[in-house]
Amino acid sequence: MATYTLKVRRYQPESGEGAFWEQFEVDLDPSLSVLDGILQAKDREDGSLAVRCSCRAAICGSCGMKVNGSSTLACKTMIGEAHEQANRRKANGEVPPPLGADEQPPPGSVDGADNPIVVEPMGNMPVIKDLIVDMESTHWEKIRRVTPWLLPHGDPPEREYVVEPESMIDVTQSMACIQCGACVSSCLSMEADPEFIGPAALAKAYRFVGDPRDAESVERLHDLAHDPHGIYDCTHCFSCIDACPKGVAPMDQIMRLRRKASEAGIDDDPNNGHNHSAAFVKMIEKKGTNDEALLIQESYAPGVKGKLKPTKGAIEGLVKSLPTVLRAIKTGKARSLSKLIPGIHPKLPGGAQDEVKAIYAHAEEHREEFNIYIRGEEDVEPEPDETATEEKV
Amino acid sequence: MKLAYWPGCVSRGFTAELHGSMAFTAEKLGIELVELDRANCCGAGIIAEHNQELADTLNARTFALAQQTGLAMMNICSTCQGAQSECQQRLDADSAYRAHINEVLSGQGLEYQKGKDGFTNKNFLWLLVEDYGLDRLAEKVVRPLSGLRVGPFYGCYVVRPKERLGYDEFPERDLYLEKTIEALGGEVVEYDGARKCCGFPVITMNRETSLRQAGTHVGDALDAGADCLVTPCPLCHLNLDMQQPEAAKIVNRDLGLAVLHLPQLVGLALGGEPKQLGMGKHIASTDWVEERLAGVAA
């Protein structure tokens, strides 16, 4: 049993006052959860402290919130670990008074600090009361946006659909989602662009794109690529991967949607996402390292077609990047010819470029996707055993 | 200390001052760098998005080249670190998959071996704290950055995902910039954006979102009283520094905050002159940093 301080961001709309911070002291075993701490405070100190929860076992997805600034499930976060994290982090920039001569620093403490565990409602969502947020506009509406049900063609079978078990393995990761909204809360793209469809809904979209029973995968991909706030609006910050309590890795599912969209030949998205990716991949095959001038040119005006008939978006993109390039020339950042003229950037030296090309040929033929979530990690490296083949016989 | 050194693409492209300042700083620290000049781009997550096996093989090649030197590997780019760690995690997860990847490398006389001679690939920031040591760094300081208020900016790829980036073993990797700033005698500025995204990955795809991210973080750091930012990621530098005047237009406020590469900040404390460290090549003026340090003799 130990005593912890919870610093809770509270908001009581009926009071007419703005949000405020309130600290609660709770006594708990370190292996119990932050949610247990909140419920103890509600029970013993203030029954009006509002929190949404149900199963307390990371199954229902109700108690999404921020603990020490990280989006998570409060029931899955051990209070002892949260306390150590708060002390490492100097949460909220607060540094408590130094310890007395005979005091021991608390566990995990940097320079003897003992910080409260900071508890806040989820981010990117309007707060209704205390730790309760309105998930409708930023979560559920976006989930509905991706048509989260199966779209098979033809008459339904007499009994159930029969599919190979292996063909469903690919979508098991995205099926693990419990709709808690932690990924949405943490999403840094949505913070800058509230219209972004977001990690939860896009992971859900992959669940159907990858389902062998769905007959409209290509239409789904086309829709999500052509929405300017769709798959190409993810800024690749990994926040959702860390936030997800169920290992869904939403960003990985978004990258798979991009891969599937490109494989389906969808190359005219308004964000220029496909063209940028294709230009980058091609450039490394040719040059081995980044030829910035070539990348800019080929991202906006790929190949002969892109140069003869550039799109409106491409012209706009190029024009808007001009002032940046001019400033870089002025300071000497981009004064060398190889940084200004596409294609004169040197290849890798001494035959190394051919090695890269050989890797491309091999990998583009196999295109193996190794998903650790599904295949797991080997615990112990097996020792090479030369007699193994003989024994098998 | 001798290391296999992967400088990455951007440090030889639009942020050439990073490559130069790393060379200066390494010499001052007594670190010998063996540059992997035959190595290829890490793929920056984009190649993995297109074809995971391709990204894994390209980076296995880089690791194999580093392993040939028998040295630990160092990079100076958060994005390289993240993209390479992602591939290394898959390569290390399964011997059959690794053998498949090594098939093509063997034709080039290369092989990536899991854990060979304790092989590691670390960003300069991690290496500085974990292997070089901040006490040793502090001893080398000839111009303490006294009074310089520095905002850390990590870059997503060295902060998340924690499970992949060795946070189990090194739980304070997301505090190393603060520790380094303090070891150099500077003052840490706390602000909201230190571990957020600079927006660079979507600069060609959603320019406004991208620049809003960069502009917001620079603005927050200014409001918190920063004299400059420091970053171990050249791609963050492109959005925070090179695009700063454009970001200012999107967030509709004046910015003008110097953004230093990590080796530049270390180099300044080790006695380097701003010009030597390529600070004149930046878009956001670094004059203010020079003024703050002018009173401190090198």
Side-chain angles (χ1 to χ4, degrees), chain A residues 88 93 110 188-189 192-193 228 232-239 241-242 255 258-259 262 271-273 276-277 280-281 284 288-290 292 299 317 320 323-324 327-328 331-334 339 348-350 352 355-356 358-360 362-364 366-370 372 375-378 381-382, chain B residues 9-10 12-14 16 37-38 40-41 43-54 56-58 61 82 89-90 93-95 97 100 103-104 107-108 114 156-157 160-162 171-172 175 190 196-197 199 201-202 204-207 209-210 212-213 216 242-243 245-246 280-283:
Chain A
R88 272 202 299 273
V110 181
L188 296 178
S189 274
D193 175 14
Y232 293 111
D233 200 15
C234 163
T235 187
H236 216 269
C237 72
F238 304 93
S239 293
I241 296 183
D242 266 7
M255 294 308 126
R258 288 185 182 178
R259 193 177 313 153
S262 289
N271 300 60
N272 212 35
H276 178 66
S277 165
F280 193 96
V281 173
I284 301 304
T289 55
N290 188 2
E292 283 142 336
S299 290
K320 283 192 171 163
T324 306
R327 276 184 218 109
T331 65
K333 203 181 232 305
K339 286 175 197 166
L348 293 177
E355 295 179 14
V356 168
I359 287 172
Y360 266 73
H362 185 263
E364 292 288 34
H366 291 92
R367 301 182 76 86
E368 186 166 341
E369 200 180 317
F370 186 93
I372 290 176
R375 292 177 53 176
E377 289 183 66
E378 284 173 357
E381 180 93 337
Chain B
C9 300
V10 184
R12 293 174 292 184
F14 278 165
D37 58 355
R38 293 171 61 85
N40 45 262
C41 170
I46 300 171
I47 291 181
E49 166 194 324
H50 162 75
N51 175 348
Q52 221 176 56
E53 182 182 337
L54 178 56
D56 291 352
T57 319
L58 287 170
R61 178 175 178 273
Q89 188 189 29
R90 285 193 288 264
D94 190 274
S95 49
Y97 182 61
H100 171 68
E103 257 172 47
V104 61
Q108 307 172 358
K114 179 183 177 180
C156 300
Y157 285 76
R160 292 173 292 268
K162 293 214 153 34
E172 296 188 355
L175 292 169
E190 304 230 6
K196 289 192 174 179
C197 179
V202 288
T204 63
M205 296 193 260
N206 190 338
R207 190 170 180 273
T209 298
S210 173
R212 185 173 301 121
Q213 289 179 299
T216 303
M242 195 165 160
Q243 297 282 7
E246 299 299 312
K281 291 213 160 84
H282 292 196
I283 300 302

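Keep in mind that this is a model prediction, so the values were computed, not measured. Computed from heavy atoms alone, side chains included, the values below leave out hydrogens, waters and symmetry copies. Lettering of chains follows the sequences in order, A, B, ..., and the numbering in each one begins at 1.
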* Distance, nearest 0.5 Å, that separates NZ of B:Lys162 from CZ of A:Phe238 -> 12.5 Å

* To do: Output yes when a side-chain donor or acceptor of B:Glu172 lies under 3.5 Å from a complementary backbone atom of A:Arg88, and no otherwise.
  => no

* Asked: How about B:Arg160 and A:Ser239: do any of their side-chain heavy atoms sit closer than 4.5 Å?
  -> yes

* Asked: Side chain, backbone, both or neither: which part of B:Arg207 has an atom under 4.5 Å from a heavy atom of chain A?
  -> side chain

* Asked: For A:Tyr360 and B:Leu54, what are the C-alpha separation, side-chain angles and deciding distance, and is it a side chain to side chain contact (heavy atoms under 4.5 Å, CB included)?
  -> CA-CA 6 Å; A:Tyr360 266 73; B:Leu54 178 56; 3.6 Å; yes

* Within the side chain of B:Asn51, is there an N or O that forms a donor-acceptor pair under 3.5 Å with the backbone of A:Ala363? -> yes

* Asked: How many angstroms lie between atom CG of A:Asp233 and atom OG1 of B:Thr209, to the nearest 0.5 angstrom?
  -> 4.5 Å

* chain A heavy atoms under 4.5 Å from B:Glu103: which part of the residue, side chain, backbone, both or neither? -> side chain

* Do the side chain of B:Glu49 and the main chain of A:Arg258 share a donor and acceptor less than 3.5 angstrom apart? -> no

* To do: Looking only at non-hydrogen atoms, find the nearest pair between B:Gly43 and A:Phe280 and report the distance.
  => O-CE2, 3.6 Å

* Taking all non-hydrogen atoms of both residues into account, name the closest pair between A:Arg375 and B:Asp94 and its distance. => NH2-OD1, 4.4 Å

* To do: Return the minimal non-hydrogen interatomic distance between A:Asp242 and B:Pro161, and the atom names on each side.
  => OD1-CA, 3.1 Å

* Asked: For A:Pro323 and B:Glu246, which heavy atoms make the closest approach, and how far apart are they?
  -> CB-OE2, 3.6 Å

* Give the ring-plane orientation class for B:Tyr157 versus A:His236, where under 30° counts as parallel, over 60° as perpendicular and anything between as tilted. => parallel

* **Options B:Gln213, B:Gln108, B:Arg212, ranked by heavy-atom pairs under 4.5 Å with chain A, top entry** => B:Gln108

* **Contact origin within A:Thr235 toward chain B - heavy atom pairs under 4.5 Å** => both

* Relative to chain A, which segment of B:Arg38 carries a heavy atom at a distance below 4.5 Å: side chain, backbone, both, or neither? -> both

* Structure fact -> When every non-hydrogen atom of B:Glu53 is compared with those of A:Glu368, the smallest separation belongs to OE1-N, 2.8 Å

* **Side-chain heavy atoms of A:Met255 within contact of B:Gln52, under 4.5 Å** => no

* Asked: Quick one: does A:Arg367's side chain have a donor or acceptor within less than 3.5 Å of a partner on B:His50's backbone?
  -> yes

* Asked: Are the side chain of A:Lys339 and the backbone N or O of B:Phe14 linked by a donor-acceptor pair below 3.5 Å?
  -> no

* **Pick from B:Pro171, B:Ser210, B:Gly107, B:Gly280 with the largest number of heavy-atom pairs that fall under 4.5 Å of chain A** => B:Pro171

* To do: I would like to know whether B:Arg90 and A:Glu369 meet side chain to side chain contact (heavy atoms under 4.5 Å, CB included); could you show each step before the answer?
  => CA-CA 10 Å; B:Arg90 285 193 288 264; A:Glu369 200 180 317; over 6 Å; no

* To do: Identify which part of A:Ser277 has an atom lying under 4.5 Å from any heavy atom of chain B, answering side chain, backbone, both or neither.
  => both

* Shortest non-hydrogen contact between A:Thr331 and B:Lys281, atoms and distance -> OG1-O, 2.9 Å

* Asked: Between A:Ile359 and chain B, which part of the residue has a heavy atom less than 4.5 Å away: side chain, backbone, both or neither?
  -> both

* Flag the one option from A:Ser189, A:Ala352, A:Gly317, A:Ser299 with the top tally of heavy-atom pairs under 4.5 Å to chain B. => A:Ala352

* Structure fact -> From the list B:Val202, B:Thr57, B:Thr204, the residue making the most non-hydrogen contacts under 4.5 Å with chain A is B:Thr204

* Asked: Are A:Glu355 and B:Asn40 close enough, and set up right, to give a side chain to side chain contact (heavy atoms under 4.5 Å, CB included), and what steps lead you there?
  -> CA-CA 10 Å; A:Glu355 295 179 14; B:Asn40 45 262; over 6 Å; no

* Option in B:Gln243, B:Gln89, B:Arg12, B:Arg61 with maximal non-hydrogen atom pairs under 4.5 Å from chain A -> B:Arg61

* **Portion of A:Leu188 that has a non-hydrogen atom of chain B nearer than 4.5 angstrom** => both

* Is there a side-chain contact between A:His362 and B:His100, using heavy atoms and a 4.5 Å cut-off? -> yes

* Structure fact -> One option among A:Arg259, A:Glu377, A:His276 has the most heavy-atom pairs under 4.5 Å with chain B, and it is A:Arg259

* Segment of B:His282 engaging chain A (4.5 angstrom heavy-atom cut-off) -> backbone

